[in-house]
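Counting convention: from 1, in listed order, for ligands and their atoms alike.
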Amino acid sequence: MSTHKQLVLSGMQPTNTLHLGNYLGALKNWVRMQNEMPCFFCVVDMHALTQDSGYALPKDVTRATREVAAAYIASGVDPKHTPIFAQSMVKEHAELAWIFNCVARLGWLDRMTQFKEKSGKHKERSSVGLYTYPVLMAADILVYKATHVPVGEDQKQHLELARDIAQKFNNDYAVPDYFPLPEPVITGPGTRVMSLRDGAKKMSKTDESDNSRINLTDDADTIANKIRRAKTDPNPLPENEKGLAGRPEAENLLNIYAGLADKPMKDVIAQFAGQQFSGFKNELAELAVTKLKPIADEMRRLMADSAEIDRILRSGAEKARTVAEPIMLDIKKTVGFVV
Ligand code: TYM
């Protein structure tokens, strides 16, 4: 039996603008969980430097960091109650990442599918940071001894690696149950939102086509147009869940509706059974605008005062450090560093 106090940690990369997948897969659950247990939410700016398309411009990293923080707040994370901070502001993340680099095995990282996808044919030219990215992610979580990590489905493998690292550290240093084995919290219909242009591809910040995703900053017309243009098939919507087999675009749009409406998928299927896509898309567009426009408006308002966002990040970092510092000190002693 684990003796660890329940604690949530999660983060998002400040690379481009957040999209509907980030919102339904993760953010929406964060907002709910902040009322259930203590939470820490960071903007993982150090991870943003790993991207394979070369270095992000410093001003883009700064802007995107503030924008991601604004998205957390606009979606309903309350910074007075829940620390929001930038990863680089709490140096313990980097310190623990180094120790974990010495715990994780090359073979484990070689299996990471996201590295394979992101490095593509150019593995040799990818940054070392992109390769060890999941090790830093494990440090983000375990430097707080977090027990729960709300994420989308694409992060599942990284969470398994974090558990493996925690377990190996506990074994190697003979400190049973020192680190908790963090649990992924992957729930709701939006755990894997797909591209609007291709139901076989994940909705992603880095897809070349902006029409493939709904950005949290899109205005009402853009949202409605993207939904109307979303790829579909020629058949009416299915009568039941079985009828979704081989129809990834229909499944994706129904899932998005379910996520935004906070309804079980089976109820949404029943609601639109046998209808044409055109009518359904109008309703989906209306729902998406109703849910997302207030978030976009609030993000815009917050972004107009970047000094206030920076204050929120610094104050969140201070709170985060009060938890991370003593844990890191203890870890240093455990591995034999003179402190
Ligand atoms: P990132 O920035 O790629 O994505 C942020 C969160 O959004 C989820 N997500 C999706 N969910 C559903 N459908 C999609 N199409 C979709 N795209 C993205 C992701 O699963 C994630 O929850 N490695 C992480 C960031 C990270 C982190 C951490 C997360 C760094 N350290 C510690 C948790 C704990 C990432 O790149 O997420």
Taking 4.0 Å as the limit for heavy-atom contacts, which would you say applies to Arg192 with ligand 1: side chain only, backbone only, both, or neither?
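Backbone only.
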Counting only nitrogen or oxygen atoms and a 3.5 angstrom limit, does [X] reach ligand 1?
X	result
Gly21	yes
Val193	yes
Gln13	yes

Within the side chain of Asp198, is there an N or O that forms a donor-acceptor pair under 3.5 Å with the backbone of Ala200?
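Judged by distance alone, yes, a pair lies under 3.5 Å.
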Between Thr222 and Asp218 (side chain of the first, backbone of the second, donor and acceptor by atom type, cut-off under 3.5 Å), is there such a pair?
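No; zero donor-acceptor contacts below 3.5 Å.
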For His158 together with Tyr133, are the ring centres under 6.0 Å from each other?
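They qualify: ring centres under 6.0 Å apart.
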Assert yes or no for the condition that the ring centre distance of His93 to Tyr144 is strictly below 6.0 Å.
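Yes - the distance between ring centres of His93 and Tyr144 falls below the 6.0 Å cut-off.
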Arg301/Asp297 salt bridge by N-O under 4.0 Å criterion
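Looking at Asp297 and Arg301, the cut-off is not met.
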Protein heavy-atom partner closest to atom 37 (O) of ligand 1 - residue, atom, separation in Å:
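Here the closest protein heavy atom is Gln155 NE2, 3.8 Å.
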Take Thr15 and Gln13 through the side chain to side chain donor-acceptor pair (under 3.5 Å) test and state the conclusion after the steps.
CA-CA 6 Å; Thr15 314; Gln13 267 196 84; 3.3 Å; yes
Show which atoms of ligand 1 fall inside a sub-4.0 Å distance from at least one heavy-atom site of [X].
X	answer
Thr191	11 (N), 12 (C), 13 (N)
Gly190	12 (C)
Gly25	11 (N), 12 (C)
Lys202	15 (N)
Val149	33 (C), 34 (C)

Does ligand 1 have an atom that lies less than 4.0 angstrom from a heavy atom of Lys205?
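For ligand 1, residue contact (heavy atoms, under 4.0 Å) with Lys205 is present.
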Ligand 1 contacted by His19 (non-hydrogen, < 4.0 Å):
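For ligand 1, residue contact (heavy atoms, under 4.0 Å) with His19 is present.
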Side chain to side chain donor-acceptor pair (under 3.5 Å): pairs with one or both residues in residues 97-114, sequence neighbours excluded
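For residues 97-114, and leaving out neighbouring residues, the side chain to side chain donor-acceptor pair (under 3.5 Å) pairs sorted by first residue read Asp110-Tyr131, Thr113-Gln157.
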Name the one of Lys118, Arg125, Glu124 that satisfies side chain to side chain donor-acceptor pair (under 3.5 Å) with His122?
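Among the candidates, only Arg125 passes.
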Of the listed options Ile141, Asp154, Val8, closest to atom 20 (O) of ligand 1 (non-hydrogen atoms)
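It is Asp154 that holds the nearest heavy atom.
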Residue selection (non-hydrogen contact nearest atom 35 (C) of ligand 1) among Tyr133, Phe40, Tyr23:
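Considering heavy atoms of Tyr133, Phe40, Tyr23, the nearest to atom 35 (C) of ligand 1 sits in Tyr133.
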